Enquirer: 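Before we start, here is the structure in question, set down as structure tokens.
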Amino acid sequence: MVDTVSPALARRIALAAQGIGKPVFEPGEAAGPRAVGGVVDRLGLLQIDSVNVFERSHYLPAFSRLGHYDRGALDRLTYGRRGRTVEYWAHQAAFIPRRLWPLFAFRRAEYRDRGEDWGGWVADDRGLAGWLRSELAAKGPLRASEIEHDANERRGPWWGWSDVKRTLEMMFRTGDVVCVERRRFERVYALPEQGLPAELIDSAPPEPDAVRELVELAASALGIGTEADLADYWRMKRAPVRRAISELEEAGVLLPVEVPGWRTGSKATPSWLHRDARRPRRMEATALLSPFDPVVWFRPRTERMFDFHYRIEIYTPEPQRVFGYYSLPLLVDDRIVGRVDLKSDRQAGVLRVQSAWAEPGAPAETAARLVPVLRRAAAWQGLDEVAVAGRGDLSPAIEAELRLS
């Protein structure tokens, strides 16, 4: 008989699996490298995005879960040839533990097979790809800007990238080059043997085995989820994920459950619980989440689980924005109760609350719960104060709480 999990318990299971709800570190008692590494291991990846109006996205999940921590500790894990991670196109561009590199051999093969779709990359730039391999072999890891011979050449549908850059990007997806670090957020490319241990390069499990392991990792990180949730975590095709779920269910790793309200049309959506998932009786947490945090990155799951409709507005023209350029979902306990648009004004030393909005039914103490997080965020960013611009229905309460605290 299929077990029933209430929607509230499903939320708590999911948040606990993500490492939400543990005591956080305050300024002056920063979380250490082991705790930071634990976040990377638990999530399995940190999605990368270039926007840094508040802070770049890959730094935010650790802050949401740990509170104050040294970003340098994460840099030492993610950057440099001795780091514990490697960058790859996992969910989107992301840092993943190096041990996962062999599991994506099937994806690298898919990109290689689809090369013709990339503006004729295979046909047009095979010679350039060979030349790039020779350059990297002779000179070691390099940025695209260091090896572009014609920086002014811009053509085709490549968003202004040169032929060198677009070819390196395709080689990055196929695994012909790897990213060993970033300098000023620009990828540094290397041949695989220059950036990864030989045992990782030479080991590639069969695709069904890799998919099954990735589905199990996704289930562990999510705690509870549907087939769509498990497929989205690593952006995998549904058919092989479905087969992997069946095998993991048969092995007792995934337990079928029903969550009332999780429906596809008129039918309950099949869902699974990881056998090691915790079932907390309560959840105490206050956190601001990156738009690219696994808790909210799959919008259908976010709406199903939290009844929270969320769209990032950085790509929306300013006059059409509703909630702000970089609004972060606000989690209080096991509900998402608001969104806060933050900007780190580093020149003035101020964390600016550009706007803040409460969701319907947000608890009366929302602002009181949020203000300590804002002060912690300001200190983490090396900023001296928090200032509220006043836009949004939650802003007046935040201003009042700041005056009191």
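None of these values were measured; they are calculated from a predicted model. What's counted below: heavy atoms across the whole structure, side chains too, no hydrogens, waters or symmetry copies.
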Enquirer: Who pairs with Arg275 by salt bridge (Lys or Arg N to Asp or Glu O under 4.0 Å), at least two apart in sequence or on another chain?
Expert: none
Enquirer: Sequence neighbours left out, what passes salt bridge (Lys or Arg N to Asp or Glu O under 4.0 Å) with Glu29? Give chain and number order.
Expert: none
Enquirer: Any non-hydrogen side-chain atom of Val177 less than 4.5 Å from a side-chain atom of Leu132?
Expert: no
Enquirer: Quick check: closest heavy atoms across Tyr325 and Val51, and the distance to 0.1 Å?
Expert: CE2-CG1, 4.0 Å
Enquirer: Please, which pairs that meet ring-ring contact (aromatic ring centres under 6.0 Å, His included) have at least one residue in residues 195-231, sequence neighbours excluded?
Expert: none
Enquirer: For a quick test of reading the model, state the closest non-hydrogen atom pair linking Ala94 to Gln47 and the distance between them.
Expert: CB-CA, 4.0 Å
Enquirer: Regarding Tyr189 and Glu169, is there a side-chain donor-to-acceptor distance under 3.5 Å anywhere?
Expert: yes
Enquirer: Are the side chains of Pro97 and Arg84 in touch, meaning some heavy atoms are under 4.5 Å apart?
Expert: no
Enquirer: Rounded at 0.5 Å granularity, tell me how far CG in Leu136 sits from CG in Leu191.
Expert: 5.0 Å
Enquirer: Return the set of residues passing ring pair (Phe, Tyr, Trp, His ring centres under 6.0 Å) with Phe292 (not counting sequence neighbours), or none when no residue passes.
Expert: none
Enquirer: Which donor-acceptor pairs under 3.5 Å do side chains of residues 384-404 form with protein atoms, sequence neighbours excluded?
Expert:
{"unit_1": "Arg391", "atom_1": "NH2", "unit_2": "Val322", "atom_2": "O", "d": "2.8"}
{"unit_1": "Asp393", "atom_1": "OD1", "unit_2": "Ala358", "atom_2": "N", "d": "2.8"}
{"unit_1": "Ser395", "atom_1": "OG", "unit_2": "Arg391", "atom_2": "O", "d": "2.6"}

Enquirer: Is any side-chain heavy atom of Glu247 closer than 4.5 Å to one of Glu216?
Expert: no
Enquirer: Can you name the closest pair of heavy atoms from Thr302 and Val296 and give their distance?
Expert: OG1-O, 3.0 Å
Enquirer: Tell me whether Glu199 at atom CD has more than 12 heavy atoms from other residues, nucleotides or ligands lying less than 6.0 Å away.
Expert: yes
Enquirer: Is any side-chain heavy atom of Val164 closer than 4.5 Å to one of Ile147?
Expert: yes
Enquirer: Can Arg11 and Asp307 be counted as an ion pair, charged N to O under 4.0 angstrom?
Expert: no
Enquirer: Is it the case that the side chain of Trp380 and the backbone of Tyr69 share a donor-acceptor pair, with hydrogens and angles ignored and the cut-off at 3.5 Å?
Expert: yes
Enquirer: What's the spacing between Leu128 CG and Glu135 CD if we round to 0.5 Å?
Expert: 10.0 Å
Enquirer: Does the side chain of Glu213 come within less than 4.5 Å of Pro205's, by heavy atoms?
Expert: no
Enquirer: In Å, rounded to the nearest 0.5 Å, how long is the span from CG of Leu230 to CD1 of Ile224?
Expert: 10.5 Å
Enquirer: Which heavy atom of Pro141 sits nearest to which heavy atom of Val180, and what is that distance?
Expert: CB-CG2, 4.0 Å
Enquirer: Tell me, with the steps shown, if Leu168 and Arg187 meet side-chain contact (heavy atoms from CB on, under 4.5 Å).
Expert: CA-CA 10 Å; Leu168 283 168; Arg187 284 191 180 116; over 6 Å; no
Enquirer: May I ask you to test the Leu288-Leu342 pair for a side-chain heavy-atom distance under 4.5 Å?
Expert: yes
Enquirer: Hey, mind stepping through Gln381 and Arg71 against side-chain contact (heavy atoms from CB on, under 4.5 Å) and telling me if it holds?
Expert: CA-CA 9 Å; Gln381 288 286 290; Arg71 283 167 292 174; 3.3 Å; yes
Enquirer: The criterion is ring pair (Phe, Tyr, Trp, His ring centres under 6.0 Å); which residues satisfy it with Phe95, sequence neighbours excluded?
Expert: His58, Tyr79
Enquirer: With sequence neighbours left out, write down each residue that passes ring pair (Phe, Tyr, Trp, His ring centres under 6.0 Å) with Trp234, or none if nothing qualifies.
Expert: Phe104
Enquirer: Quick one, Thr167 with Met171, criterion side-chain contact (heavy atoms from CB on, under 4.5 Å). Give me CA distance, side-chain angles, the key distance, then yes/no.
Expert: CA-CA 6 Å; Thr167 303; Met171 295 172 73; 3.9 Å; yes
Enquirer: What pair of heavy atoms forms the shortest contact from Ala362 to Val337, and how long is it?
Expert: CB-O, 3.5 Å
Enquirer: Gln18 versus Leu43: any side-chain heavy-atom pair under 4.5 Å?
Expert: yes
Enquirer: Show your reasoning for whether side-chain contact (heavy atoms from CB on, under 4.5 Å) applies to Leu383 and Ser344.
Expert: CA-CA 8 Å; Leu383 305 173; Ser344 292; 3.9 Å; yes
Enquirer: Report yes or no: does Arg321 contribute a side-chain atom to a donor-acceptor pair with the main-chain N or O of Thr316 at less than 3.5 Å?
Expert: yes
Enquirer: Side chain of Arg98, backbone of Gly83: donor and acceptor closer than 3.5 Å?
Expert: yes
Enquirer: If only atom types and distance count, is the side chain of Ser134 paired as donor or acceptor with the main-chain N or O of Gly130 below 3.5 Å?
Expert: yes
Enquirer: Quick one: pull up CZ in Arg278 and CZ in Arg12 and give me the separation to the nearest 0.5 Å.
Expert: 11.0 Å
Enquirer: Rounded to the nearest 0.5 Å, what separation is found between the CD1 atom of Ile245 and the CZ atom of Arg212?
Expert: 13.0 Å
Enquirer: Between His91 (side chain only) and Asp232 (backbone N and O only), is there a donor and an acceptor less than 3.5 Å apart?
Expert: yes
Enquirer: Who pairs with Arg304 by salt bridge (Lys or Arg N to Asp or Glu O under 4.0 Å), at least two apart in sequence or on another chain?
Expert: Asp229
Enquirer: Check this for me: does any side-chain nitrogen of one of Lys139 and Glu146 sit under 4.0 Å from a carboxylate oxygen of the other?
Expert: no
Enquirer: Checking Arg369 side chain against Ala285 main chain: does a donor-acceptor pair fall under 3.5 Å?
Expert: yes
Enquirer: Quick one: list whatever passes salt bridge (Lys or Arg N to Asp or Glu O under 4.0 Å) with Arg311, sequence neighbours left out.
Expert: Glu303
Enquirer: Would the distance check show the side chain of Glu227 and the main-chain N or O of Ser271 forming a donor-acceptor pair, the cut-off being under 3.5 Å?
Expert: no
Enquirer: Answer yes or no: is there a donor N or O on one side and an acceptor on the other, between the side chain of Thr286 and the main chain of Leu370, under 3.5 Å?
Expert: no
Enquirer: Counting only N and O atoms by type, is there a donor-acceptor contact under 3.5 Å from the side chain of Arg107 to the main-chain atoms of Trp89?
Expert: yes
Enquirer: Side-chain polar contacts of residues 251-265 - donor-acceptor pairs under 3.5 angstrom, sequence neighbours left out - could you list them?
Expert:
{"unit_1": "Arg263", "atom_1": "NH2", "unit_2": "Ser266", "atom_2": "O", "d": "2.3"}
{"unit_1": "Thr264", "atom_1": "OG1", "unit_2": "Thr269", "atom_2": "OG1", "d": "2.7"}

Enquirer: Side-chain contact test, heavy atoms from C-beta onward, threshold under 4.5 Å: evaluate it for Met305 versus Ile336 and give yes or no.
Expert: no
Enquirer: Fit a plane to each ring of Tyr88 and Trp101, take the angle between them on a 0 to 90° scale, and name the class: parallel (under 30°), tilted (30 to 60°) or perpendicular (over 60°).
Expert: perpendicular
Enquirer: Do Arg108 and Tyr111 meet the cation-pi criteria used here (NZ or CZ under 6.0 Å from the six-membered ring centre, within 45° of the axis)?
Expert: no
Enquirer: Ignoring hydrogens and angles, tell me if any N or O in the side chain of Ser327 forms a donor-acceptor pair with the backbone of Phe323 under 3.5 Å.
Expert: yes
Enquirer: So, using side chain to side chain contact (heavy atoms under 4.5 Å, CB included) as the criterion, who are the partners of Gln354 when residues are at least two apart?
Expert: Asp341, Lys343, Arg352
Enquirer: To check you understand the geometry: which heavy-atom pair defines the closest contact between Ala30 and Asp70, and what is its length?
Expert: CB-N, 4.2 Å
Enquirer: Could you grab the distance from atom CG of Leu46 to atom CG of Leu74, nearest 0.5 Å is fine?
Expert: 6.0 Å
Enquirer: For Tyr326, give me all partners under ring pair (Phe, Tyr, Trp, His ring centres under 6.0 Å), at least two apart in sequence or on another chain.
Expert: none
Enquirer: Below 4.0 angstrom, N of the basic side chain to O of the carboxylate: do Arg335 and Glu359 qualify?
Expert: no
